[in-house]
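Below is one structure, written out as structure tokens; comments come after it.
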Amino acid sequence: MSRNSLPSKGMLIYFGVCTLAMVWPGALIANRIEPMILGLPFFIFWYVAWVFVLFIGLVIAYRQESGEEVDDE
Amino acid sequence: MSDSVIITGLTLGYLLLVLIVGLRANAGQSSSLEGYVAGGRHVGLLVLFFILGAEIFSAFAFLGAPGWAYGKGVPALYIIAYLTLAVIVWWLIAPYISRLGRRHGFLTQAEFLAACYPTRGNLLGLFIGIISVLAMIPYLTIQIAGAGMLFEAATSGIVPFWLGSLLACGVVAAYVYASGLHGIGWTNLLQGVMMVFIAWFLGLATADQFFGGVGEMFRQIQQEAPEYLTMPGAQGMGWGAFSTAILVSALGCVMWPHIFMKFYSARSERTLKRVFVLYPLYSYLLIPLLFVGFAGIVVLADQPLDSPDEVLLTLVVKMADFPAWLIGLALSGALAAAMSTAANLAHTSATILVRDIGQNLPIGRNLPEARVLKLTRGGVIVISLAAYLLALANPASLVSLLLGAYGIVVQLLPMLLGALFWRRASRAAAFIGLGVGAAVTLYYQFLGGSPFGWHPGFCGLIVNSALFVAVSFATKRQETRSPADALSPR
């Protein structure tokens, strides 16, 4: 099995940061109501935002891994 | 025309639409087992995205999730967190599973693990098969019972529980029987889109109706019940319980057989990765449904519900002044969530029943493929009927069976990771880890008292992994490749 599709070290760190942000202790710093953003209490906004951060990370990882390959779909 | 009749008519129309789409998906399909179970390993981006999306968001999304927000407050965010983090686990391992499945012809999770850790008489495969089915039938039953409950509540009893659950179960069984994964694919696409639109519409409309907007709603909760908006929530869920529930659910998500087996069906590894890139956005579906639960905190402050899971139904059907067509659509959306999950569970359970259990018994060996396909389709009907009868009987032990059996399934994760990535992974160590990890999980699950309030499955995984690693190192082993690599002819 080829290992060339393993994610880079940078990506693994990115994944780790996303994970820590959503559990203890990362989420501790977000545990408050103010400031409300987009009408959401800060703690809820925190989770909504990190979902998006992970999405961006996956887009980058996908582009990194697939390199300049031609689309197959 | 009375409101209940409009609601009933709309919902029945929706069920009919799903049935037609599901049955038509059969057209032009080859009748191979691989086609029926894994879509010929040729499912594309859009359909696979909605298969995974709609199968994960079950009746729980419309009933349990708002119930958590209503009863506990922000600890409900654990659901969004774990669904998002689960994608990381998929990203790291699913491409390997897809590749090995294609190379060795695996169709189930048990076949994969049993090949990496061979046992005499394939006992491991048989064991995994039985435990998986024991976990999935109660899960399926809960979807079917959820559908019946939704029907009865939204139509004010015109469609009673027994009939509502029968209708949902019958439609699902019919298209899964006829069209296999193709039927699931196209119906899940329809149901997935339906769920997203209805969830957002419902969440925003509820906040608007009672408070004049989402921001206003949270301002009012902040004034009247601020404890719901920060950890540990209204019922005091500690950080340990919250964090370990997220981690174990994210890690365990990949081990659900109906999710794991979808990795085999992808057209290519690139398709899989594209699905995963988009997947986190699907978890936004839950945000508006949590809004409905949060709305209930203030709206129902004077008359709290005995059963928090009814918060969405209570607000949307009884309290809000919504037109009948909107309630009908809401019901259809919630049914979509229950049925799309039920279809995958029935399909996967039937496959496991035949391939991992039946074919490992002396009577089932060496069956021709056409016969296996026939049995699998028959299995869909048998499993659906069993789940329907269980939903009617509603035994109290159902949830315990689900938690217990799924608790064991999650403990297969360390040996799966070992098989994929670790050349020292030893078979004996994997079994010792699995056995002790499962025992620890079941002990804390049913007797309570886990250390620091951690999730029982998390405690099991720690003990399991530690033993797996320690015993593997203690075992003499000269392999240069991981168990999964060793399968491949180089």
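All chains are named by letter (A, B, ...) in the order of the sequence lines, taking the proteins before the strands, and each is independently numbered beginning at 1. These numbers come from the heavy atoms of this one structure, side chains and all, not from hydrogens, waters or symmetry mates. Computed from a predicted model, the values in this text were never measured in an experiment.
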Assign the ring pair A:Phe43 / B:Phe242 to parallel, tilted or perpendicular, where the plane angle (0 to 90°) is split at 30° and 60°. tilted
Working to the nearest 0.5 angstrom, can you tell me the gap between B:Ile88 CD1 and A:Leu54 CG? 5.0 Å
Whatever's closer than 4.5 Å to a heavy atom in chain B on A:Ala21 counts as neither
Would you please test B:Trp239 and A:Asn31 for side-chain contact (heavy atoms from CB on, under 4.5 Å) and show each step? CA-CA 11 Å; B:Trp239 280 102; A:Asn31 194 21; 3.8 Å; yes
Show your reasoning for whether side-chain contact (heavy atoms from CB on, under 4.5 Å) applies to A:Leu40 and B:Phe291. CA-CA 10 Å; A:Leu40 301 175; B:Phe291 289 167; 3.7 Å; yes
Chain A contact residues among residues 206-219 of chain B, heavy-atom distance under 4.5 Å: B:Val214, B:Gly215, B:Phe218, B:Arg219
Can you list every side-chain hydrogen bond (donor to acceptor under 3.5 Å, both in side chains) pair that touches residues 45-55 of chain A, not counting sequence neighbours? none
Side-chain heavy atoms of A:Phe15 within contact of B:Leu85, under 4.5 Å: no
How close do A:Val51 and B:Pro280 get, heavy atom to heavy atom, and via which atoms? CG1-O, 3.3 Å
Side chains of A:Met11 and B:Trp91 in contact at under 4.5 Å (non-hydrogen atoms): no
Rounded distance (nearest 0.5 Å) linking atom CH2 of A:Trp24 with atom OG1 of B:Thr244: 12.0 Å
CD (A:Glu65) and CD (B:Glu269) are apart, to the nearest 0.5 Å, by 10.5 Å
Please report the closest heavy-atom contact between B:Val277 and A:Leu58, naming both atoms and the distance. CG2-O, 3.6 Å
Which bit of B:Tyr279 is near chain A, if near means a heavy-atom gap under 4.5 Å: side chain, backbone, both or neither? neither
Could you tell me which non-hydrogen atom of B:Gln222 sits nearest to which non-hydrogen atom of A:Ile33, and how far apart they are? NE2-CG2, 3.6 Å
I'd like to verify something: which residue of B:Thr84, B:Leu278, B:Leu83, B:Ile221 has the highest number of heavy-atom pairs under 4.5 Å with chain A? B:Thr84
Whatever's closer than 4.5 Å to a heavy atom in chain A on B:Leu229 counts as both
Check this for me: A:Phe42, atom CZ, are more than 12 non-hydrogen atoms of other residues, nucleotides or ligands nearer than 6.0 Å? yes
Is the shortest heavy-atom distance from the side chain of A:Ile44 to the side chain of B:Phe294 under 4.5 Å? yes
Non-hydrogen atoms of chain B under 4.5 Å away: do they reach the side chain of A:Phe52, the backbone, both or neither? both
Heavy-atom cut-off 4.5 Å, strictly under: side chain, backbone, both or neither for A:Leu12 against chain B? side chain
Given a strict heavy-atom distance threshold of 4.5 Å, which part of A:Ala30 is in contact with chain B: side chain, backbone, both, or neither? neither
